[in-house]
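See below for the structure under consideration.
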Amino acid sequence: MSLAENKSRVFSEVQTACSESGREQDSVSIIAVTKYVDSDVAGQLIDTGIHHIGENRVDKFLDKYNALKDKEDLTWHLIGTLQRRKVKDVINFVDYFHALDSIKLAQEIEKRADRTIKCFLQVNISEEESKHGFKVDEIDDVIDQLAELKQVELVGLMTMAPFDATEEELENIFETTDQLRKQLKEKNIKNMPMTELSMGMSGDFKVAIKHGSTFVRIGTAFFE
Ligand SMILES: *Cc1c(COP(=O)(O)O)cnc(C)c1O
């Protein structure tokens, strides 16, 4: 399959998932996760009509950013775990950071960012030990501590489902995340609009869209 064919297929599958859930297609942004390919291939994919690019590691994010930053209309997403000591190297090139998973990390972003960074609070709904993110019962306390920050804007929640989750578990994880987002939105906290949901990857984006995802992070399906 060519990149252009894969791009058309992914976009039309997202469109189908949207119409099956009675949602507008432009309510879901498709992030192309380019971690499997080099900057040349990522650039070719972008030229098929991609507007959101995502990388999960700082070094690879910076490689892609330096090679491709002059392309028009591109929004840059850092979607993976960020170590505190690396915040200063990368944060000012990031439009959306998807994996805010500690208070200390938020404080470091507050210190290093020279503008407001749109962040997703990562939540670990399934409570898998291997997954990053806050557990549901930690959230209220975390929200209180983050409410004072000026450079960290919590646009929404991000979650990752276990790779071996059943359809029923996926439904449950994504729905719980959306409910939690709604509760936080109702608090009307200034730096926490909580309008967005970052959930869904190549294997589960259809279920995620059904439960309100607004950013799907898709890698494999573009490059198979
Ligand atoms: C790699 C990655 C993705 C994309 O996963 P695919 O299954 O290849 O679509 C999404 N989110 C994160 C955080 C990733 O690291």
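First listed ligand is number 1; within each ligand, the first listed atom is number 1.
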Open item on the list: Among all the protein's non-hydrogen atoms, which is closest to atom 13 (C) of ligand 1, and how far away is it?
Closed with: Ile79 O, 3.6 Å
Open item on the list: Return the closest protein heavy atom for atom 4 (C) of ligand 1 as residue, atom name and distance.
Closed with: Arg217 O, 3.6 Å
- [ ] Would you mind checking which non-hydrogen protein atom is closest to atom 5 (O) of ligand 1, with the distance to 0.1 Å?
- [x] Met201 CE, 3.4 Å
Task: Whether Phe174 and His211 hold their rings parallel, tilted or perpendicular, with breakpoints at 30° and 60° - done: tilted
Task: Polar proximity ligand 1 side, Gly219 side, N/O cut 3.5 Å exclusive - done: yes
Task: Arg23 atom CZ, neighbour heavy-atom count above 12 within 6.0 Å - done: yes
Task: Location of contacts on Lys35 toward ligand 1, heavy atoms closer than 4.0 Å - done: side chain
Open item on the list: Using ring centroids (six-membered ring only for Trp), state whether Phe222 and Tyr36 fall under 6.0 Å.
Closed with: no
Task: Closest protein heavy atom (residue, atom, distance) for atom 9 (O) of ligand 1 - done: Ser202 OG, 2.5 Å
- [ ] Within a distance under 4.0 Å of any heavy atom of Tyr36, pick out the atoms of ligand 1 and give their elements.
- [x] 1 (C), 5 (O), 6 (P), 8 (O)
Open item on the list: Would you say that more than 12 heavy atoms from the other residues, nucleotides or ligands in this model lie under 6.0 Å from the NZ of Lys7, or not?
Closed with: yes
Open item on the list: Looking at ligand 1, would Phe205 count as a contact under a 4.0 Å heavy-atom criterion?
Closed with: no
- [ ] Please work out which of the three classes, parallel, tilted or perpendicular, describes the rings of Trp76 and Tyr65, given edges at 30° and 60°.
- [x] perpendicular
Task: Enumerated ligand 1 atoms positioned under 4.0 Å from heavy atoms of Ile218 - done: 9 (O)
Open item on the list: Give the atom numbers and elements of ligand 1 that come within less than 4.0 Å of a heavy atom of Thr220.
Closed with: 6 (P), 7 (O), 8 (O), 9 (O)
Open item on the list: Counting only heavy atoms not in Lys60 (residues, nucleotides, ligands), do more than 12 fall under 6.0 Å from its NZ?
Closed with: yes
Task: Region of Asn56 engaging ligand 1 - heavy atom pairs below 4.0 Å - done: side chain
Open item on the list: Take a 6.0 Å sphere around CD of Glu148 and say whether it holds more than 12 heavy atoms from other residues, nucleotides or ligands.
Closed with: no
Open item on the list: Is it the case that over 12 heavy atoms from other parts of the model lie below 6.0 angstrom from the CD atom of Glu224?
Closed with: yes
